[in-house]
Amino acid sequence: MRGLQLPLTQTQKVRLQRALEKLESLPSKANSNASVTVADTIPVNYDDGFLKGHGTTELSGEVVATVCGVVERVNKLVYVRTLRARYKPEVGDIIVGRVIEVAPKRWRLDINYSQDAVLMLSSINLPDGIQRRRTAEDELNMRGIFEENDVICAEVRGFQHDGLHLQARSQKYGKLQRGQLLSFPPYLVKRRKQHWHYLEEYGIDLILGCNGFVWVGEHVEAKDEMLVDQADKPDSQTPKTIDYSMSLEGQEQMYTPLETRQNICRIANAIRVLSMLGFIVTVEVVMEVVNLGVSQNMDTHQMLGSEFCVLVAEREAERRSQKKTKG
Amino acid sequence: MNDLSLGEKLFIQGGIAQDLRSDGRKRLTYRPIYVETGVIPQANGSARVRMGGTDVIASVKAEIGRPSPLQPNKGKVSIYVDCSPTATPMFEGRGAEELSTELSVALQRCLLGGKSGAGAGIDLSSLIVVEGKVCWDLYIDGLVVSSDGNLLDALGAAIKAALSNTGIPRVHIAAEASGEDQPELDISDEEFLQFDTSGVPVIVTLTKVGRHYIVDATSEEESEMSSAISVSINRKGLICGLTKRGGVGLDPSVILDMISVAKHVSEQLIDRLDSEISAAEAVEEE
């Protein structure tokens, strides 16, 4: 874990050290034979043909690891997968990305990967909801749908000849507004069945992108566009530009209500603390951390302080050791 | 990477208007401040200050020099800030030049006062060895390692911590000299005088977003600002320097209001910073 940049008092340092040692001492499920460090020999059956993959090299007749990680074998390929690798997209991953460029018939998104992802105009639902062929006018109006720097939730469709393609065909995907985007190392988000969570008691959407981008925002009803009356449309849409001629009071009415904002900040801070400590981020853990903060009667901003950090570490150590004794 | 979508910008502005910022802080709350002193052993004094994502290092080097003939009873101090490319890729090559000059000038104005040396936050007459002939030149260098907003406050705090960590070697005058000759000096390697930093001011930056002011803005909040005022205030509550950034004009009554808010915030900041600095020095001595 990277050095914690917090002013910890002596007692807090001791407590944190103890909690981390407890976590490290818990036996992990994975087969420990599979993990290697640099210059470890990889056990390979030399009689069968095999291919040396990433993270391996041949040294005086032996296959030796060049990185620290876990040995993976796929048919004849032997490679070492590092734990803190860059995000590697798989088909069906739900990701959160930011639009960098609007190109002919597509948008380019930054998704914390070595390439930019591509979202084709044909892979999204048009605002009016009608399934039709995209015309030249649709192409000219692309900026009206997604602009530069917009935050978008989408799903990985696959690798095509010209890069990584995404799709946003369901009502759940699309532009994300009224919230905040958090970014942290992608290895802290494990692939689960559900990445898109609606927390009802807070009225908040929590989207855990597999690429390490997490969106915490106000809940937006995924309404079926076709049922909305055409006349109501101009009122319900949020204005595309900040209208400076609109009075400040009018702007204030559009702000997120304080209660929801408080919850958004708590959840965001919980995720920040977890990523600072290097713990896996899942909805259950996040909710536990939020409840811990509430039960300690802490101000929201104190959740980023040193005391809370140590508390979270201790709580996580307790929780994992309890899980071990149960299961 | 300060490109934000419209929804995120509105969210930040709404948070500031409702007194609940993105990380839960109130408008006038600082991030946790982490101070380490003595990080550069070769310098006379040094300190590293971290405020959230912002990380700066300040170092003080003292050299013997001649005082300027216009001010024969004052030492000289020069402040220079460098923004390292490790902070953001934007700082590579000449990208950071404008920002570095702006920060250096603002710090000079806040800590050193006017051209005549009057009203300086740092007491320059304590740097004199022999009046008119020998004085200490202090070279204060700041390095921005990581930038997440509020660089000026962090640099001001780092300079204050570095100065309190500074030891000026004791100088014995070996031989008196008359007229224009330089006296011979015996610079001790063992004994050091601690620099007196009770008068050194601290810098408080107030960023105006919409109708409200916030303290200690992150770089996202700074991208939304209309203007910002940095006030340097010392322990007695006196203003040592004032800088305004940002293109939007401010009404004078607004500026006076911001100054009074800054004064109010600075009292807590000075106390907090002093306790952090003494804690850091205690750790260093261990």
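Convention: sequence-line order gives letters A, B, ...; per-chain numbering from 1. The figures that follow rest on heavy atoms only: side chains count, while hydrogens, waters and symmetry mates do not.
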Per-residue contact mode, R31(B) against chain A (heavy atom under 4.5 angstrom): neither
Within a radius of less than 6.0 Å around CD of E98(B), do more than 12 heavy atoms belonging to other residues, nucleotides or ligands occur? no
Does a side-chain heavy-atom distance below 4.5 Å link L6(B) with K175(A)? no
Roughly how far apart are C265(A) SG and L20(B) CG, rounded to 0.5 Å? 4.0 Å
Under 6.0 Å from the NZ atom of K263(B), do we count more than 12 heavy atoms belonging to anything else shown? no
Taking side chain to side chain donor-acceptor pair (under 3.5 Å) as the test, write out the residues that go with T37(B), two or more places apart. E284(B)
Part of D150(A) lying under 4.5 Å from any heavy atom of chain B: both
Give me the one residue out of L176(A), L181(A), V151(A) that meets side chain to side chain contact (heavy atoms under 4.5 Å, CB included) with S5(B). V151(A)
Mark yes or no for whether R261(A), through its side chain, and F11(B), through its backbone, hold a donor-acceptor pair below 3.5 Å. yes
Does any heavy atom of chain B fall under 4.5 Å from the side chain of R266(A), the backbone, both, or neither of them? neither
With a 6.0 Å cut-off (strictly less than), is the heavy-atom count around CD of E92(B), excluding the residue itself, greater than 12? no
Do L4(B) and N149(A) touch side chain to side chain, with heavy atoms closer than 4.5 Å? no
Is a side-chain N or O of Q180(A) found less than 3.5 angstrom from the main chain of S22(B), in a donor-acceptor match? yes
Would you call R178(A) and L10(B) a side-chain contact if the rule is heavy atoms closer than 4.5 Å? no
Sequence neighbours excluded, the answer for side chain to side chain donor-acceptor pair (under 3.5 Å) partners of Q262(A) is T300(A)
